[in-house]
> 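The structure follows.
Residue numbers count from 1 along this sequence. Atoms within a ligand are numbered from 1 in the order they appear, just like the ligands themselves. Everything numeric in this text was worked out from a predicted model, so none of it was measured.
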Amino acid sequence: MKVAMIGAGYVGLVSGACFADFGHEVVCVDTVATKIDALNKGEIPIYEPGLDVLVNGNRFAGRLSFTTDIAEAVKGADAVFIAVGTPTRRGDGHADLTYVYAAAEDIAKAMTGYTVIVTKSTVPVGTADEVEAIIRGLRPDGDFSVASNPEFLREGAAIDDFKRPDRVVVGAEDERAREVMRALYRPLFLNETPIVFTTRRTSELIKYAANAFLATKITFINEIADICEKTGANVQDVARGIGLDGRIGKKFLHAGPGYGGSCFPKDTIALVRTAQQFGAPTRIVETVVEVNRQRKLHMVDKVAAACGGSVDGKTIAVLGLTFKPETDDMRDAPSLDIVPGLIARGAAVRAHDPQGMKEAKHLLPEAVTYCDGPYDAMTGADAVVIVTEWNAYRALDLTRTRQALKAAVMIDLRNVYDPAEMARQGFSYVSIGRK
Ligand SMILES: NC(=O)c1ccc[n+]([C@@H]2O[C@H](COP(=O)([O-])OP(=O)(O)OC[C@H]3O[C@@H](n4cnc5c(N)ncnc54)[C@H](O)[C@@H]3O)[C@@H](O)[C@H]2O)c1
């Protein structure tokens with residue numbers, strides 16, 4: 001099948017490359033010319049493990065190409081995916097649909113023959129209806145359907161998630177659209193991946209409900225971690241003790257500095273706004289949003305407490321800036337609250353991240369010193385804070401760490417190390433929900 005993918009970001013590029021790998025003929029479109037130029041030269045503009053091999057393999061095989069010309073990509077396509085960003089709209093917290101609607105207009109002008117327009121971006125309930133109205137307005141005689149197909153991939157494991165998903169969700173109102181979606185995902189049917197066919201509105205809500213649930217699960221264990229700290233219990237054992245219950249499940253029960261990333265923060269806020277708009281407020285998700293916001297800020301207090309009550313005049317090594325390992329994505333990362341918070345309280349920050357430093361330089365205060373590696377960052381520092389659990393920080397040489405630091409103080413916001421071992425090694429060690 002011929003596929004056009006509008007938006008060559010984390011979702012569009014991975015989805016486009018994976019559809020090409022399934023054997024479809026895919027053209028990825030982006031408005032950012034430097035991104036498309038890079039892709040046409042075989043360079044991958046984001047960090048996602050395995051994506052370079054997948055993109056270039058399919059490019060050389062002639063199944064995957066890149067352009068800034070949306071009309072060229074859409075002409076003759078059987079399916080056009082909209083995978084553009086839907087960030088938080090300034091001022092009111094709703095999802096900003098400007099890019100989605102702009103793409104819909106461009107598609108309307110260029111489509112030929114029967115075309116299924118698919119919203120892959122995370123969009124509020126009713127957006128597919130609006131996309132249909134926009135296209136119908138511009139092309140009253142157009143032969144097309146609009147479907148919803150939310151994406152559930154996780155950055156850092158995106159290719160595997162796309163090719164071996166827990167499920168595929170498709171919202172469509174007519175059989176013709178469902179047929180095209182079935183054909184696109186046929187390789188997954190063969191693997192017996194569950195495919196949930198439903199209405200567009202339900203499909204749109206499934207995505208928000210999934211993200212809000214996961215954000216709630218994380219926030220729940222984070223609050224349990226706070227109770228552990230006050231009572232002397234161990235949050236990792238609590239997580240294991242409850243996670244082994246099949247009704248609860250082990251995943252998303254890792255206590256930490258608060259969730260971040262390109263999805264949970266904006267999607268929880270957008271769901272809160274949608275719920276309010278429709279007169280069905282979700283007080284659970286409202287609370288999750290607020291608890292998580294405060295938690296990230298509270299991490300600065302935690303670091304200060306571990307440094308004897310204040311970080312003023314101290315040098316703090318920060319390991320990990322991205323919102324999670326194996327990505328260069330800095331969107332809503334906890335480091336964006338923690339690092340400025342430390343600097344505001346008088347600390348000097350020496351930071352390292354294996355992939356995120358380039359982007360971090362645009363987002364963090366200029367005062368941050370970026371370092372070549374973890375030991376460089378820790379040299380002469382009064383304490384080290386692990387903010388993101390990159391593999392490079394999971395097995396630090398503790399002797400070298402102690403020698404690099406001015407004081408052997410570690411604040412481990414990801415529970416990477418064992419408290420008893422750290423005490424044996426002579427560290428003053430603070431983690432989340434464990435003594
Ligand atoms: N990143 C994730 O892990 C993830 C997972 C699931 C769902 N999503 C959702 O997928 C959507 C895209 O997210 P992302 O992380 O890939 O965003 P992104 O910002 O990485 O990519 C969006 C791309 O769309 C391009 N674009 C914007 N308007 C365009 C237009 N009119 N024509 C062509 N290109 C255009 C931008 O230049 C950008 O490259 C969002 O709705 C997001 O919520 C993201």
> Identify whether NZ of Lys or CZ of Arg in R176 sits under 6.0 Å from the centre of the six-membered ring of Y114 and within 45° of that ring's axis.
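Yes - R176 lies over the ring of Y114, closer than 6.0 Å to its centre and within 45° of its axis.
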> Could you check whether any side-chain N or O of T322 sits under 3.5 Å from a backbone N or O of G320, counting only pairs where one atom can act as donor and the other as acceptor?
no
> Report yes or no: do D328 and Y10 form a side-chain donor-acceptor pair below 3.5 Å?
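The answer is yes; a qualifying pair exists.
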> Quick test of your reading of the model: are R293 and E290 salt-bridged, counting only N-O distances below 4.0 Å?
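A salt bridge links R293 with E290.
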> Going by the angle between their ring planes, with limits at 30° and 60°, are F22 and F162 parallel, tilted or perpendicular?
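F22 vs F162 ring planes: tilted.
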> Is it the case that the side chains of K266 and T86 hold a donor-acceptor pair, with the cut-off being a distance below 3.5 Å and no angle test?
yes
> With a 4.0 Å heavy-atom cut-off, what residues sit around ligand 1?
I6, G7, G9, Y10, V11, V29, D30, T31, V32, K35, A83, V84, G85, T86, Y99, S121, T122, E151, L153, E155, K207, S262, C263, K266, R331
